[in-house]
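Let me begin by presenting the structure, written as structure tokens, before commenting on it.
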Amino acid sequence: MAGGTVTLESLVAWLARFAELMAENRSYLTELDSAIGDADHGSNMARGMAAVMAKCDATPSAAVDELFKQVGMTLVTSVGGASGPLYGTFFLRFGSAAGPLTELDAAALGACLRAGLGGIVARGKAERGDKTMFDAMSPAVDAYDTAIAGGAELTDAIAASAAAAAVGRDATEPLVARKGRASYLGDRSAGHLDPGATSTAFLFQSLAEAVA
Ligand code: ADP
Ligand code: MG
């Protein structure tokens, strides 16, 4: 953080913290995916984010769009599951919305997050209540915008988005899945947290920790 902006350095710290949380929670996420999917969400995300961090170390980026293009492409190409292209598109759109900036102010970060969410919707066509990552991300982005519109500091708005993502994650438990592999289970998908909503809550937790 520097004067109410998120620097390129903080954005790399965000990715590094997310990679760390994906590695630490690999078994947990895979356990969630074994209940309603094919037991690979933890390994998909841990492998994808490890590949992202290897790229970031080998080829440091000079601007936000460059960084997230690299991140998005790495996830799309290194993760086989649905989550690779979905998170990949999130980061690609996030970066395109930023352009060649080296730091994001509150409005720019809000635009990037909104664009990333739009990418997930464009790819996956999920709506609220479908029991997907959308159910954590959409309330997180809304909470960010509401906090900024209400005059909150950037770090407080990001903390609000992380809290909303966690609430959205928890709210997926009773839902019946209507998208992705979990939808094949029909009513039997109810009673379990959605793995993708859970990793998305970690994504916003990582951002909050990186800028705190
Ligand atoms: P796969 O389902 O191919 O095994 P993962 O296990 O890595 O991929 O990811 C599963 C997660 O992807 C789900 O928990 C859900 O949150 C998310 N997901 C699946 N399909 C969609 C979709 N159409 N839109 C948004 N998110 C989706
Ligand atoms: Mg899976």
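FYI, side chains are in, hydrogens and waters are out, and symmetry mates aren't considered; it's all heavy atoms of this structure. Residues: numbered from 1 along the sequence shown. Indexing begins at 1, ligand by ligand and atom by atom, following the structure's order.
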Taking only heavy atoms of [X], which atoms of ligand 1 are found under 4.0 Å from at least one of them?
X: D33; value: 6 (O)
X: K179; value: 23 (N)
X: P195; value: 14 (O)
X: D38; value: 4 (O)
X: D40; value: 4 (O), 5 (P), 6 (O)
X: G81; value: 3 (O), 8 (O)
X: A126; value: 24 (N), 25 (C)

Item to complete: Considering non-hydrogen atoms only, spot the tightest contact between S78 and A51 and give its length.
Response: OG-CB, 3.9 Å

Worksheet, complete the sentence: For T30 and D40, the nearest pair of non-hydrogen atoms, with its separation, is OG1-C, 4.3 Å

Of the protein's non-hydrogen atoms, which lies at the shortest distance from [atom], and what is that distance?
atom: atom 5 (P) of ligand 1; answer: H41 ND1, 3.4 Å
atom: atom 21 (C) of ligand 1; answer: L86 CD1, 3.7 Å
atom: atom 19 (C) of ligand 1; answer: G180 CA, 3.9 Å
atom: atom 7 (O) of ligand 1; answer: S83 OG, 2.5 Å
atom: atom 23 (N) of ligand 1; answer: G124 O, 2.8 Å
atom: atom 3 (O) of ligand 1; answer: A82 N, 2.8 Å

Discussion item. Please report the interatomic distance CZ(R123) to OG1(T89), rounded to the nearest 0.5 Å.
Written reply: 4.0 Å

Worksheet entry | Distance below 2.8 Å from the Mg ion (ligand 2): protein N/O/S atoms | D33 OD2, D38 OD1, D40 OD1

Please determine whether the number of non-hydrogen atoms from other residues, nucleotides or ligands lying under 6.0 Å from atom [atom1] of [X] exceeds 12.
X: E9; atom1: CD; value: no
X: D57; atom1: CG; value: yes
X: K69; atom1: NZ; value: no

For ligand 1 and [X], I'd like to know whether there is a polar contact (N/O to N/O, distance under 3.5 Å).
X: D194; answer: yes
X: K125; answer: no
X: G196; answer: yes

Item to complete: Going by heavy-atom distance to atom 12 (O) of ligand 1, choose the closest among M133, M45, K131.
Response: M133

Worksheet item: Any ion pair linking R114 and D145 (charged N to carboxylate O, less than 4.0 Å)?
Response: yes

Worksheet item: Quick one: does G37 get a heavy atom under 4.0 Å from ligand 1?
Response: no

Please check if any side-chain donor atom of [X] sits under 3.5 Å from a side-chain acceptor atom of [Y], or the reverse.
X: S138; Y: R128; value: yes
X: Y87; Y: S199; value: yes
X: Q70; Y: E66; value: no

Fill in: Joint cluster assignment, M133 & I36, ILVMFWY side-chain distance < 4.5 Å
no

Discussion item. Set out, in order, the CA-CA distance, both residues' side-chain angles and the distance that settles salt bridge (Lys or Arg N to Asp or Glu O under 4.0 Å) for D194 and K131, then state yes or no.
Written reply: CA-CA 6 Å; D194 178 60; K131 195 179 180 101; over 6 Å; no

Item to complete: Please test V141 against S161 for side chain to side chain contact (heavy atoms under 4.5 Å, CB included), starting from the C-alpha separation and ending with a verdict.
Response: CA-CA 6 Å; V141 177; S161 76; over 6 Å; no

Discussion item. If you apply the rule side chain to side chain contact (heavy atoms under 4.5 Å, CB included), what do you find for T7 with T102, and how did you get there?
Written reply: CA-CA 6 Å; T7 60; T102 54; over 6 Å; no

Fill in: ring pair (Phe, Tyr, Trp, His ring centres under 6.0 Å) evaluation trace for F202 with W14
CA-CA 11 Å; F202 283 127; W14 171 27; over 10 Å; no

